Amino acid sequence: MRQSRALIPTMREVPADAEVKSHRLLLRAGYIRQLASGVYTYLPLAQRVLKKAMQIIREEMDAIDGQEITMPALQPAELWQATGRWDDYGPLMMKLTDRHGRMFALGPTHEEVITALVRDEVKSYKRLPLILYQIQTKYRDEYRPRFGLLRGREFLMKDAYSFDRDEEGLDRSYWAMYRAYMRIFERMGIEFRAVEADAGAIGGTHNHEFMVLADVGEDTIAYCSACDYAANVERAEVVFPPVGQASGEGGAADDSGAKMEDEPPAPLERVATPGIRTVAEQAAMLGLPTSKIIKNVVFLADGEPVVVLVRGDHQVNEVKVKNALGVRFLEMADESRIRALFGAGPGFVGPIGVQNVRIIADHAVGALRNASTGANEDDRHYIGVNPGRDFTVHQYGDFRLVQEGDVCPRCGAPLHFAQGIEVGHVFKLGTKYSRALGAVYLDESGNQREMLMGSYGIGVSRVIQAVVEQSHDEDGIIWPPALAPFDVHLIVVNMAHDTQRHIAEGLYGALLGDGYAVLFDDRQERAGVKFKDADLIGIPLQVIVGAAAERGEIEVKIRRTKEKRTVPHPEALETIRALLKELV
Ligand code: 9G3
């Protein structure tokens with residue numbers, strides 16, 4: 001492609017609203033342009049990257065007998081009403097009415113559509129297992145679209161769905177898809193981790209997310225230093241009692257290291273704590289470590305009030321709470337509701353003397369002795385609080401987020417933490433949709449049975465920006481060769497110079513003849529502009545034809561390492577071919 005003809009509108013300055021590096025780089029390097037909030041046009045360079053990503057995905061889906069289809073984005077409301085999900089997503093689901101007044105969703109995902117299709121077209125066990133997939137635009141009206149393609153309102157997803165006879169069949173499909181995802185992300189040249197993910201209310205152990213490790217990732221993953229355990233912190237289990245402690249609720253030691261149960265229980269006492277706003281202030285005023293503060297977080301679980309108790313140095317894990325309560329909606333109670341329930345503001349809530357509110361507590365709270373918590377009166381707290389004696393807990397459980405210092409639930413080694421961008425997610429769905437929509441098959445004996453489903457997504461437009469986030473430097477993007485828009489960036493320093501132009505044209509023709517994709521910077525631009533643009537665009541290998549061409553020499557530069565080599569022109573092609581084999 002001759003760059004003098006290409007639409008690659010590079011920019012020096014960047015719009016202020018681009019908060020992350022990868023978003024800024026895709027704008028500056030002329031890959032994308034925003035049409036509206038969370039809605040982007042993929043310009044030619046991005047289109048070429050997407051095409052390579054989709055090619056890798058298609059090859060790996062086809063390799064496990066996935067069959068590609070394309071489903072509509074316009075989805076009748078009736079389908080979503082049949083599965084009860086029409087109102088589950090509120091304003092996140094984009095809805096429209098057609099000219100006859102019929103309601104439609106702009107498809108955010110396709111479980112309903114695919115299940116209805118297979119229900120109507122597949123009746124016999126002979127047709128199973130079946131894996132269908134598509135690469136298609138999805139619509140989700142994010143409240144605050146941000147970070148460019150990482151959280152858009154219209155985005156490209158590969159979504160696949162498997163249909164099996166039974167659990168064993170689903171298991172085979174699930175792990176075949178899992179292994180295909182491993183191959184896809186390896187082939188893309190991405191540094192990623194597959195992590196256990198929250199299974200939501202439908203539960204089940206098999207549910208993995210594929211995370212691109214990057215500091216701006218919105219997900220936090222916990223991974224083990226010794227074994228291959230890795231989990232989204234939303235799901236990561238907390239080992240209780242901490243490894244090496246006595247068993248049972250009384251086994252925890254506070255952060256002073258003293259064993260809890262050694263302390264004789266002190267009398268319960270109400271103290272004045274004027275103006276306390278935070279756990280830290282409460283601990284400081286009462287001369288206690290934060291681990292001896294009992295934090296009370298008030299939720300409405302499907303509208304019912306629940307107070308969750310965790311230690312002051314821990315965080316509530318809302319996903320674990322929601323799953324344990326088995327509710328559809330879990331939201332924080334607002335201050336007016338808290339006052340109505342407890343007679344005090346959020347910082348002064350406590351479990352003592354509380355009626356008609358469900359009280360659940362993280363295991364670590366049960367091990368506390370002589371702790372402090374809210375007295376359900378503004379500017380008042382209790383000290384000498386002892387769970388069991390002073391208040392009852394309806395349910396103990398693992399309700400906190402793992403954090404630094406926690407150990408691996410599999411092998412006990414220390415956990416490490418990293419930020420990740422979710423680019424893939426594989427789910428076992430079971431019969432959730434086949435039951436709701438009646439997708440059944442007849443087995444060998446003519447018995448009618450529900451199909452078992454899995455659903456498997458890759459954020460295709462998201463993954464290309466995640467790669468940029470993970471792979472760039474101060475000069476611009478550094479594409480892994482598998483995704484680069486071109487293999488070679490051929491740059492002529494001075495197109496008005498006959499020798500340079502002649503040598504470049506020769507190399508261009510030869511490389512195209514070899515089947516390489518070449519971006520040929522033939523513009524009448526200053527050399528500095530060309531070099532800056534090349535580093536910004538991020539093609540893995542630059543071939544520079546400049547003044548040295550007079551001496552029969554050209555220069556090659558490896559974008560990732562910035563290593564430069566001067567090569568005699570006659571050997572240029574061989575060197576470039578060898579380097580491309582090394583890089584690709
Ligand atoms: C909706 C809206 C947003 C949604 C969903 C439904 C996420 C929804 C979960 C999934 C599950 C899998 C197939 C590919 C892999 C992920 N956000 N999810 O179901 F109506 Cl507005 O999409 N779907």
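Start at 1 and go down the list; that is how both ligands and their atoms are numbered. The structure displayed is predicted, hence computed values, not measured ones.
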> What residue and atom, counting heavy atoms only, is the protein's closest point to atom 6 (C) of ligand 1, and at what distance?
Replying inline: Tyr89 CZ, 3.3 Å
> Please state which protein non-hydrogen atom is closest to atom 22 (O) of ligand 1 and give its distance, to 0.1 Å?
Replying inline: Arg140 NH2, 3.0 Å
>> In terms of relative ring orientation, are Phe210 and Tyr181 parallel, tilted or perpendicular, with 30° and 60° separating the classes?
In response: tilted
> Are Tyr178 and His208 close enough that their ring centers fall under 6.0 Å?
Replying inline: yes
>> Is there a polar contact, in the sense of an N or O pair closer than 3.5 Å, between Glu111 and ligand 1?
In response: yes
>> Can you confirm whether the side chains of Thr109 and Arg140 place a donor and an acceptor under 3.5 Å from each other?
In response: no
> Which ligand 1 atoms, with their elements, are less than 4.0 angstrom from a heavy-atom of Ser455?
Replying inline: 12 (C), 13 (C), 23 (N)
> With a 4.0 Å cut-off, would you call Arg165 and Glu444 a salt bridge?
Replying inline: yes
> Applying a 4.0 Å heavy-atom criterion (strictly less than), which segment of Arg85 is in contact with ligand 1: side chain, backbone, both, or neither?
Replying inline: side chain
>> Quick check on contacts: which atoms of ligand 1 are under 4.0 angstrom from a heavy atom of Met157?
In response: 14 (C)
> Taking non-hydrogen atoms only, is Leu92 closer than 4.0 angstrom to ligand 1 via side chain, backbone, both or neither?
Replying inline: both
> Aromatic rings His23 and Tyr40: how do their planes relate, parallel, tilted or perpendicular, breaks at 30° and 60°?
Replying inline: perpendicular
>> Is there a polar contact between ligand 1 and Asp159, counting only N or O atoms under 3.5 Å apart?
In response: no
> Heavy-atom distance to atom 16 (C) of ligand 1: which of Tyr161, Phe427, Tyr456 wins?
Replying inline: Phe427
> Which ligand 1 atoms does Met93 reach within 4.0 Å, using its non-hydrogen atoms?
Replying inline: 20 (F), 21 (Cl)
> Of all the atoms in ligand 1, which lie at a distance below 4.0 Å from a heavy atom belonging to Gly457?
Replying inline: 14 (C), 15 (C)
> Are the charged groups of Glu154 and Lys138 less than 4.0 angstrom apart, N to O?
Replying inline: no
> Hey, which atoms in ligand 1 end up nearer than 4.0 Å to a heavy atom of Trp80?
Replying inline: 20 (F)
> Does Glu218 pair with Arg151 as a salt bridge, N-O distance under 4.0 Å?
Replying inline: yes
>> Assess whether a salt bridge exists between Arg339 and Glu335, defined as any Lys/Arg side-chain N lying under 4.0 Å from an Asp/Glu carboxylate O.
In response: yes
